Amino acid sequence: MKYLVAVILACICCSSLVYGQARRHYGHLFPIIADASPDNPIERSGKGRNAILNDGDEKWNSVSGDPHCNGAVYCISDDIYRPIIGGEFDSINGQQIRGIGRYRKDDDSTFTEIGGGISGGAVRAIYETYESGHKIFAAGNFTTAGGISVNNITYWDDNGWHAMGTGTNSTVLALTLVGDLLYVGGNFTRAGDSTANYIAIWNIKTNQWSPIIVDGVNGMDGGVACLTNDY
């Protein structure tokens, strides 16, 4: 396709993935999420599980007094000062934050829930954009966002959470945006009303799903675990 992402990494078995760890990027400090995978915890010595930590000068440093989630964190947005985290939790430091929360360094270094949160499963991928207005896309395996019914994927536009058609029929693991096209990858075989094998496109202008068909082949032959683009 004309705007196809440059790199698609697909894998059928996602158990080999390491979720939730962010590293230094262009010289900035990003949080590291401890215990991103219950089987492979990323944990600072002497600290509790599910801690949210910074990578500073090659050593662990606490963020906002070592805030703790009560469940696993799987993803983090690419925002230097106000990163969004997503996962399978419903509180941070005892405050109700369901599935998705923003860390606000410019507001007393606190976490806040976004729009009533996401529940009924886990958030596995986040993509925030300011192109064509501010939107936060969240995906994974969940059923509710801000009290509305959704199927594994949703977006926030500062007016609330919205369903993306009928969503997908299984877990979404990866998101990336190219122009007006949101590429969506995961373990699903349908997106909206179309057959879409493990990868699909959501047009943010027309609010429509479409499969990716190349040389007559619809999508991939196994689950897509991560996506990136070349622009």
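These figures come from a predicted structure and were not determined experimentally.
Trp209 places a side-chain heavy atom less than 4.5 Å from the side chain of Met164. Counting heavy atoms from C-beta outward, Asn151 and Phe188 have side chains that stay 4.5 Å or more apart. Put simply, the side chain of Tyr103 does not reach to within 4.5 Å of the side chain of Thr112, judged on heavy atoms. With a 4.5 Å cut-off on side-chain heavy atoms, Ile85 and Ile92 count as touching. A 4.5 Å side-chain heavy-atom check between Ile97 and Gln95 finds at least one atom pair inside the cut-off. With contacts defined as side-chain heavy-atom distances shorter than 4.5 Å, the pair Ser210/Asn203 does not qualify. Using a 4.5 Å heavy-atom threshold, the side chains of Ile204 and Phe137 count as touching. The side-chain heavy atoms of Ile136 and Arg102, taken from C-beta on, include a pair separated by under 4.5 Å.
Closest of all the heavy-atom pairs between Ala72 and Phe89 is O-CD2, 3.6 Å. Minimum heavy-atom separation, Gly223 to Asn187: CA-OD1, 3.6 Å. Nearest heavy-atom pair across Ala225 and Ala174 is O-CB, 3.7 Å. Nearest heavy atoms, Glu88 versus Ala122: CB-CB, 3.7 Å. Taking every heavy atom of both residues into account, Ile153 and Ala139 meet most closely at CG1-CB, 3.9 Å.
Looking at Asp215, its side chain never comes within 3.5 Å of a backbone N or O of Val217 through a donor-acceptor pair. A donor-acceptor pair under 3.5 Å is absent between the side-chain atoms of Asp90 and the main chain of Asn70, judged by distance alone. Listed for the Glu113 side chain is a donor-acceptor partner under 3.5 Å among the backbone atoms of Arg98.
Side-chain contact, Ser170 with Asn152: no donor N or O sits under 3.5 Å from an acceptor N or O.
Hydrophobic clustering, with ILVMFWY side chains joined whenever heavy atoms are under 4.5 angstrom apart, keeps Tyr130 apart from Leu182. A continuous path of ILVMFWY side-chain contacts below 4.5 Å connects Leu175 to Trp202, so both sit in one hydrophobic cluster.
Distance check: Ser194 OG to Ile201 CD1 gives 11.5 Å after rounding to the nearest 0.5 Å. Between atom CH2 of residue Trp161 and atom OG1 of residue Thr154 there is a gap of 5.5 Å, rounded to the nearest 0.5 Å. Distance check, rounded to the nearest 0.5 Å: CH2 of Trp156 to CD1 of Ile118 gives 10.5 Å. Atoms CD1 and OG, on Ile126 and Ser77 in that order, are 6.0 Å from each other to the nearest 0.5 Å. Put simply, CG on Leu227 and OH on Tyr127 are 11.0 Å apart, with the number rounded to the nearest 0.5 Å. In this structure, NE2 in His162 is found 7.0 Å from CD1 in Ile148, a value given to the nearest 0.5 Å.
Atom CG of Asp193 is surrounded by 12 or fewer heavy atoms from other residues, nucleotides or ligands within 6.0 Å.
Applying side chain to side chain contact (heavy atoms under 4.5 Å, CB included) to Ile84 and the options Asp79, Ile76, Val123, Ile114 leaves one that passes, Ile114. Exactly one of Thr195, Asn169, Thr168, Asn197 qualifies for a side chain to side chain donor-acceptor pair (under 3.5 Å) with Arg190. That residue is Thr195.
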